[in-house]
Amino acid sequence: MQRADVQRADVQRDFVRQIIRDDLASGKHTAIRTRFPPEPNGYLHIGHAKAICLNFGIAREFGGWCNLRLDDTNPGKEDPEFVAGIKDDVRWLGYDWHELRHASDYFEVFYRAALKLIEDGKAYVDDLSADEVREYRGTLTSPGRNSPYRDRSVAENLDLFRRMRAGEFADGSKTLRAKIDMAAGNINLRDPALYRIRKVAHQNTGDAWPIYPMYDFAHALSDAMEGITHSLCTLEFEDHRPLYDWCVDNVDLAAHPALWQPVVDAGLEAKPAKPRQIEFSRLNLSYCITSKRKLAQLVNEKLVDGWDDPRMNTLRGLRRRGFTPAGLRLLIERLGISKQNSVIDYAILEGCIREDLDATAPRRMAVLDPLRLVIANLPEGHEETLAFANHPKDEGFGTRQVSFSRELWIERDDFAEVPPKGFHRLKPDGEVRLRGVGIVKCEEVVKDADGNVVELRCTLDPESRQGMPGADRKVKGTIHWVSAAHGVAAEVRVYDRLFSVPAPDDESDGKSWIEHINPDAKRVVRAWLEPAAAGAGPEQRFQFERLGYFVADRVDHRADAPVFNRTVTLRDTWAKQGG
RNA sequence: UGGGAGAUCGUCUAAUGGUAGGACAACAGACUCUGACUCUGUUUAUCUAGGUUCGAAUCCUAGUCUCCCAGCCA
């Protein structure tokens, strides 16, 4: 265990860690076991980061372990493509699992457990159709009625269930239901389905099974099978907890080894125990959607360029956008864990990413919207090489050589013919420092026939050059530049938030969530890069000074055809005050 | 009289009958060859009404508001 994690475990005082500390102190548990149990029916998104960091993070902090378990009980919706993606994303976030498991590893256990419940008179085979079940269930405010099949004999139930398993019945014609209480206020207890018939091939078990267990049954028993001590899940499962406990307690795997012998025979470690489910509030972020269905719709309707489109708040999208695992972990740590539902401002996430990147990203210069600047008092063809620090605060980043010449590209924004109040950059007859060079004065503004500024002619004050006595002369502004003769042309994808409103799901303004998509979330520009940026490897991150953080696109970038994505801008108090 | 959960600075989150604290944001200033970073300072909160108590965010009573639940999804 890392020292930092030990400290963190001590510092983080959320209610989940509190419970765990108490359980350790009281001797209820001597080791902590958690699990992250996604269903492989889509890619992981920003919301999952919270569950991942919580489960894997807690296991690491307390010296326990965390399993990655694919909750694959609904074949047809699930896909090995997503399994691979999930594994990849969890590792990218910085975590590794004790064991990779699948709910399908326990299919035989679930089946035997169901048989046991039937023998104990706690489950029965029901012939009601889906519609009829709904009708019999009652409503939120009125109790349900018992199914006419509820009192079948144990022998009949056993026979029927075995024949369900044998594939004798059609999809939907029968279910196995827990016999609990049709009048329960908690609807989950009104004889919930344990098994349904679904003759669909499963990604792992093929067509070995015509019946598949339901979530509540499979999930509870999977946790028990793996000896999970603390089963952490989101708030909407709060009223499933009584059913969760019912399944664990009534099956009682620990006392019935015969039920899970098949798992032992398969060579899997099994020490069934009694898990405790604890619920916490999910992560909601403004300007984001975290519905798997909607995320899939964006991809399928080609509103974005795939699951890893940098505008997507999937983990893959965030990764391609240049967000860092450490930044994401910082966000989760900062938010804490509680049971209050909340929406986190997207700016908090951006802040966390900036904080990480500021410390870890080397600096480079790039010009996204070029304007030619000629230094008239330098000889034609003048060229020199200047040494630049790669990081202003950390010498460990070293230095690099940057070519400087008579003709430069500067940012069009950094010149104003009619400067607004408080403008610190270049203006006619004004002075500004060229980063790492010296102070230039704008002597002439060259325009084309339409009156557009096409070139600035400046003079460089030789006394203000680095190493000269006038080098520390104060000027208001410093701007960045790229030598026109040396700059490398690059495609830069300037990304912004995918949605233009804080709550895209809120359609009370009469617009659908699709109509809330920000059409300017992706802007592609042709930019000039200093060569030391262009030559980066895929996924290498930089701060382009004064612009923001950028990452070499992990799929499209090549040194001879650079492609960078804007991860996030720098904080800009000038723009914010309306300058 | 369905069941379950939750209400603390703008936002997240602590305080478990004993000084309402932290982080982020905001604002002001300092610094600055990045209008970044950093540093300093400031502002701002216990859902309401009663009650118990020397003392209540915390306990009690009554209310208000918000979220979740009627898949053979997870």
Side-chain angles (χ1 to χ4, degrees), chain A residues 13-15 18 37-39 41 71-74 77-78 103 126 128-130 133-135 137-144 171-177 183-190 192-198 211-212 214-216 218-219 233-242 279 281 286 292 331 333-345 347-348 351-352 354-355 358-359 363 365 391-393 422-425 432-439 464 466 471-480 543-548 569-577 579:
Chain A
R13 305 214 64 86
D14 57 79
F15 79 101
Q18 198 68 256
E39 182 188 12
N41 66 346
D71 218 338
D72 54 352
T73 55
N74 192 9
K77 280 189 164 185
E78 296 152 7
D126 197 350
L128 254 27
S129 70
V133 166
R134 183 159 42 246
E135 204 183 308
R137 186 158 31 227
T139 70
L140 290 178
T141 52
S142 61
D171 281 17
S173 62
K174 286 182 169 37
T175 55
L176 180 74
R177 294 228 257 163
N186 182 345
I187 289 181
N188 294 118
L189 264 20
R190 316 240 262 233
L194 262 21
Y195 265 96
R196 77 282 216 184
I197 302 172
R198 203 190 297 299
I211 56 174
Y212 292 95
M214 299 294 294
Y215 163 83
D216 289 290
H219 189 257
C233 64
T234 43
L235 252 25
E236 69 268 27
F237 294 104
E238 218 151 12
D239 48 15
H240 288 240
R241 187 169 3 111
E279 310 85 12
S281 57
S286 64
K292 279 187 186 176
L331 173 78
E333 183 182 329
R334 217 162 248 183
L335 300 182
I337 305 295
S338 76
K339 300 189 71 152
Q340 264 153 267
N341 24 27
S342 58
V343 182
I344 305 307
D345 195 314
I348 306 285
C352 291
R354 287 189 187 110
E355 187 166 325
D358 177 56
R363 310 290 128 121
M365 290 198 290
H391 196 286
K393 292 263 169 73
F423 190 73
H424 288 176
R425 287 108 97 148
V432 77
R433 184 183 301 279
L434 287 178
R435 180 92 162 123
V437 177
I439 297 169
S464 69
Q466 281 208 306
D472 46 5
R473 178 157 75 87
K474 300 293 177 202
V475 277
K476 281 274 181 56
T478 298
I479 65 173
H480 61 276
Q543 181 195 105
F544 289 167
E545 291 205 34
R546 302 209 311 130
L547 294 176
T569 61
L570 256 30
R571 204 166 78 99
D572 189 349
T573 48
W574 166 244
K576 193 162 52 180
Q577 63 139 61

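Lettering follows sequence order; numbering is per chain, from 1. Everything numeric here is computed off the predicted structure, so don't read it as measured data.
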Student: Which stems does RNA chain B form, counting runs of 3 or more consecutive Watson-Crick or G-U wobble pairs with both distances under 3.5 Å?
Tutor: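 So the stems come out as B:2-7 with B:64-69, B:10-13 with B:21-24, B:26-30 with B:38-42, B:47-51 with B:59-63.
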Student: Under the 3.5 angstrom rule, does the side chain of A/H480 hit a backbone N or O of A/L434 as a donor-acceptor pair?
Tutor: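 No, the answer is negative, given that no donor and acceptor are paired below the 3.5 Å cut-off.
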Student: Compare the minimum distances between each of B/C72, B/A36, B/G71 and the side chain of A/T573, then state the nucleotide with the smallest one.
Tutor: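 Given the options B/C72, B/A36, B/G71, the side chain of A/T573 is closest to B/A36.
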Student: Under a 3.5 Å distance rule, please check whether A/S464 uses its side chain to pair with a backbone N or O of A/G438 as donor and acceptor.
Tutor: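 A pair under 3.5 Å: no.
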Student: Tabulate atom names and distances for all N/O pairs under 3.5 angstrom spanning the protein and nucleotides 39-41 of chain B.
Tutor:
none

Student: Do the side-chain N or O atoms of A/S342 get closer than 4.0 angstrom to the phosphate oxygens (OP1, OP2) of B/U11?
Tutor: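 Checking A/S342 against B/U11: no side-chain N or O falls below 4.0 Å of OP1 or OP2.
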Student: Quick check for you: among B/C33, B/A70, B/G35, whose closest atom lies nearest to any side-chain atom of A/Q466?
Tutor: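 Comparing B/C33, B/A70, B/G35 against the side chain of A/Q466, the answer is B/C33.
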Student: Give A/F237 one of three labels, base, sugar-phosphate or nothing, depending on what nucleic acid heavy atoms sit under 4.0 Å from its own.
Tutor: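 Base: the residue A/F237, judged by heavy atoms under 4.0 Å, touches a nucleobase.
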Student: Are any of A/R13's side-chain N or O atoms less than 4.0 Å away from OP1 or OP2 of B/A23?
Tutor: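 A/R13 to B/A23 OP1/OP2: no side-chain N or O under 4.0 Å.
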Student: Examine B/G35: is either OP1 or OP2 under 4.0 Å from a nitrogen or oxygen in the side chain of A/R425? Give yes or no.
Tutor: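 No, because none of the side-chain N or O atoms of A/R425 sits under 4.0 Å from OP1 or OP2 of B/G35.
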Student: Has the side chain of A/R433 got a donor or acceptor atom that lies under 3.5 Å from a matching backbone atom of A/R473?
Tutor: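 Yes, the answer is positive, given that a donor and an acceptor are paired below the 3.5 Å cut-off.
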Student: Can you check whether A/H424 stacks with the B/G35 base, using ring centres under 5.5 Å and planes within 30°?
Tutor: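 Base of B/G35: stacked against A/H424.
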Student: Between A/R354 and B/C37, is there a side-chain N or O to OP1/OP2 distance below 4.0 Å?
Tutor: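 Checking A/R354 against B/C37: no side-chain N or O falls below 4.0 Å of OP1 or OP2.
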Student: Please determine whether a side-chain nitrogen or oxygen atom of A/Q340 lies at a distance below 4.0 Å from atom OP1 or OP2 of B/U8.
Tutor: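 So the side-chain polar atoms of A/Q340 do come within 4.0 Å of the phosphate oxygens OP1 or OP2 of B/U8, strictly under.
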Student: By a 5.5 angstrom centroid cut-off and a 30 degree plane limit, is there stacking between A/Y215 and B/A74?
Tutor: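 Here A/Y215 fails the 5.5 Å or the 30° condition.
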Student: Hey, is the side chain of A/R134 poking within less than 4.0 Å of OP1 or OP2 on B/C72, counting only N and O atoms?
Tutor: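 The answer is no; no side-chain N or O of A/R134 sits under 4.0 Å from OP1 or OP2.
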Student: Measuring to OP1 and OP2 of B/A5, would you say a side-chain N or O of A/R241 lies under 4.0 angstrom away?
Tutor: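 For B/A5, neither OP1 nor OP2 has a side-chain N or O of A/R241 closer than 4.0 Å.
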Student: Could you tell me which non-hydrogen atom of A/A218 sits nearest to which non-hydrogen atom of A/T73, and how far apart they are?
Tutor: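 Closest approach of A/A218 to A/T73: CB-CG2, 3.7 Å.
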Student: For atom NZ of A/K339, is the number of surrounding heavy atoms from other residues, nucleotides or ligands below 6.0 Å larger than 12?
Tutor: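 More than 12 heavy atoms, drawn from other residues, nucleotides or ligands, come within 6.0 Å of this atom.
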Student: Taking the side chain of A/K77 as its heavy atoms from C-beta onward, which of B/C73, B/A70, B/C37 lies nearest to it?
Tutor: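 Taking heavy atoms from C-beta onward, the closest nucleotide is B/C73.
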